[in-house]
Amino acid sequence: MILLLMGPPGAGKGTQSKRLEEAYGLVQLSTGDMLRAAVASGSDLGNKAKEIMARGDLVPDDLIIDMIAARIEQADCAKGFILDGFPRTVPQAEALAAMLADKGLNLDHVIELAVDDDAMVKRITGRYTCAKCGKGYHDEFEKPAKDGVCDKCGATEFTRRADDNEGTVRNRLDAYHAQTAPILAYYKDQGLLHDVDGMADIDAVTAQLKGVIGQA
Ligand code: AP5
């Protein structure tokens, strides 16, 4: 199965992808996570992406398309995957269609997490992750059971993303509406697009997604 989760920064794509990975045995492919790993490693790609990401602009299509094309060739993707943060432009959507067609594959569902922009600033500026296992938390909406201790691995160090400040978030939201939202019509015309209320609480969003996707 191949799923695509769409929605602006903070809509819950990463949070829900992790839950769907476990529920359906799929692999999450987050272009944001891949780019952050490239920045951390100091690779050519990372050096090119670093300043662009810090501003909240989109990284050039050719770099992203090459990165995802290489990723879906890896063996773990054979069991199916969830696209989180890709495609983000019409040329990326067209490149994805060509990549999947070459492999005889299709997108099964494209699901938009519909949310209010203003609420996204609060979600993003309150977000943090475990420095050891990467589990995500939020100052208000998803706290660890014991303050300062990761529920999953017990670590006590946490990190916040460099682009999770209010100014950059506003630019990321603008980029979404200008460059990414047009893809929704592209998928609607193909009869693939579903809407889910991303303003519901996290468990309720997961339940809605499972309702669209069906049984594991
Ligand atoms: P990327 O990492 O993809 O960031 P993003 O799209 O801005 O999305 P986020 O990760 O911020 O949000 P999310 O929807 O995953 O929300 P989350 O689940 O964490 O991209 C970063 C940058 O990389 C881009 O700006 C760009 O420069 C570059 N890039 C990446 N892909 C690219 C591409 N294809 N082309 C070009 N450039 C690219 O949730 C947020 C918080 O809210 C969490 O704390 C969570 O706990 C909480 N939360 C989630 N759901 C709910 C809920 N229902 N109720 C209450 N709280 C909730």
Side-chain angles (χ1 to χ4, degrees), residues 4-21 28-39 45-46 48-69 71 82-96 111-117 119-130 134-144 151 158-181 183 196-209:
L4 165 54
L5 291 190
M6 304 242 348
K13 304 179 296 294
T15 303
Q16 298 297 335
S17 293
K18 291 206 162 46
R19 289 170 168 223
L20 298 177
E21 248 191 329
Q28 176 195 14
L29 301 185
S30 159
T31 43
D33 286 349
M34 291 178 214
L35 289 168
R36 281 183 287 281
V39 170
L45 170 63
K48 285 178 187 152
K50 188 174 180 179
E51 295 305 319
I52 299 170
M53 293 173 76
R55 288 196 303 271
D57 293 334
L58 294 187
V59 173
D61 287 337
D62 55 337
L63 299 178
I64 297 290
I65 291 165
D66 288 351
M67 181 179 79
I68 205 88
R71 182 66 186 87
I82 308 163
L83 293 162
D84 161 9
F86 173 88
R88 256 174 153 102
T89 62
V90 172
Q92 289 183 21
E94 291 169 347
L96 173 64
I111 309 176
E112 179 196 7
L113 300 170
V115 290
D116 298 335
D117 275 15
M120 296 307 99
V121 175
K122 186 170 180 188
R123 279 197 194 172
I124 287 183
T125 53
R127 167 172 64 184
Y128 60 99
T129 54
C130 171
K135 176 163 175 26
Y137 295 97
H138 191 278
D139 292 326
E140 187 175 335
F141 306 127
E142 202 181 7
K143 297 178 182 179
D151 293 341
F158 297 87
T159 58
R160 290 183 190 255
R161 272 170 48 178
D163 60 346
D164 279 354
N165 56 77
E166 180 161 356
T168 303
V169 172
R170 296 269 176 209
N171 197 32
R172 285 159 57 197
L173 287 165
D174 289 346
Y176 180 81
H177 291 296
Q179 292 164 275
T180 306
I183 306 176
V196 152
D197 175 15
M199 295 305 293
D201 72 38
I202 295 175
D203 289 342
V205 175
T206 307
Q208 291 180 68
L209 289 168

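In each ligand, atom 1 is the first atom listed, and ligand 1 is the first ligand listed.
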Q. Between L35, V205, L173, which one has a non-hydrogen atom sitting closest to atom 28 (C) of ligand 1?
A. L35

Q. Rounded to the nearest 0.5 Å, how far does CZ of F158 lie from CZ of R127?
A. 15.5 Å

Q. For ligand 1, is G10 a contact, meaning one of its heavy atoms is under 4.0 Å away?
A. yes

(Q) I'd like to check which ligand 1 atoms, numbered from 1 as shown, lie under 4.0 Å from a non-hydrogen atom of G198. (A) 53 (N)

Q) Tell me: protein heavy atom nearest atom 17 (P) of ligand 1, and distance? A) T15 OG1, 3.5 Å

Q | M120, R88, H138: member with heavy atom nearest to atom 6 (O) of ligand 1 | A | R88

Q) Does ligand 1 have any atom that is closer than 4.0 Å to a heavy atom of Y137? A) yes

**Q.** Numbered atoms and elements of ligand 1 in range of T31, under 4.0 angstrom, heavy atoms
**A.** 30 (C), 31 (N), 32 (C), 34 (N)

Q. N/O of A200 under 3.5 Å from N/O of ligand 1, yes or no?
A. yes

Q: Kindly identify the option in M34, K50, R161 whose heavy atom sits closest to atom 10 (O) of ligand 1.
A: R161

Q) Looking only at N/O atoms, are K13 and ligand 1 under 3.5 Å apart anywhere? A) yes

Q. Based purely on interatomic distance, does G126 place a nitrogen or oxygen under 3.5 Å from a nitrogen or oxygen of ligand 1?
A. no

Q. Of the backbone atoms (N, CA, C, O) and the side-chain heavy atoms from C-beta on, which set of D57 has a member under 4.0 Å from an atom of ligand 1: side chain, backbone, both, or neither?
A. backbone

Q. How does I64 reach ligand 1, if at all, at less than 4.0 Å between non-hydrogen atoms: by side chain, backbone, both, or neither?
A. side chain

Q) Does an N or O from G12, backbone or side chain, lie closer than 3.5 Å to an N or O of ligand 1? A) yes

Q | Electrostatic pair E51:R55 at N-O distance under 4.0 angstrom | A | no

**Q.** Nearest-option assignment for atom 11 (O) of ligand 1, heavy atoms, candidates E51, K18, R172
**A.** R172

Q. R36 versus D33: any side-chain heavy-atom pair under 4.5 Å?
A. yes

Q. Where the closest heavy atom to atom 35 (N) of ligand 1 is concerned, which of Q179, E140, Q92, R36 has it?
A. Q92

Q. Nearest to atom 42 (O) of ligand 1 by heavy atom, R123, R127, M199: which?
A. R123

(Q) Under 4.0 Å, counting heavy atoms only: does R55 come that close to any atom of ligand 1? (A) no

Q: Kindly confirm or rule out an N or O of A11 lying under 3.5 angstrom from an N or O of ligand 1.
A: yes

**Q.** Straight-line distance of D163 CG to D57 CG, nearest 0.5 Å
**A.** 11.0 Å

(Q) Other residues, nucleotides and ligands only: do more than 12 of their heavy atoms fall within 6.0 Å of NZ on K135? (A) yes

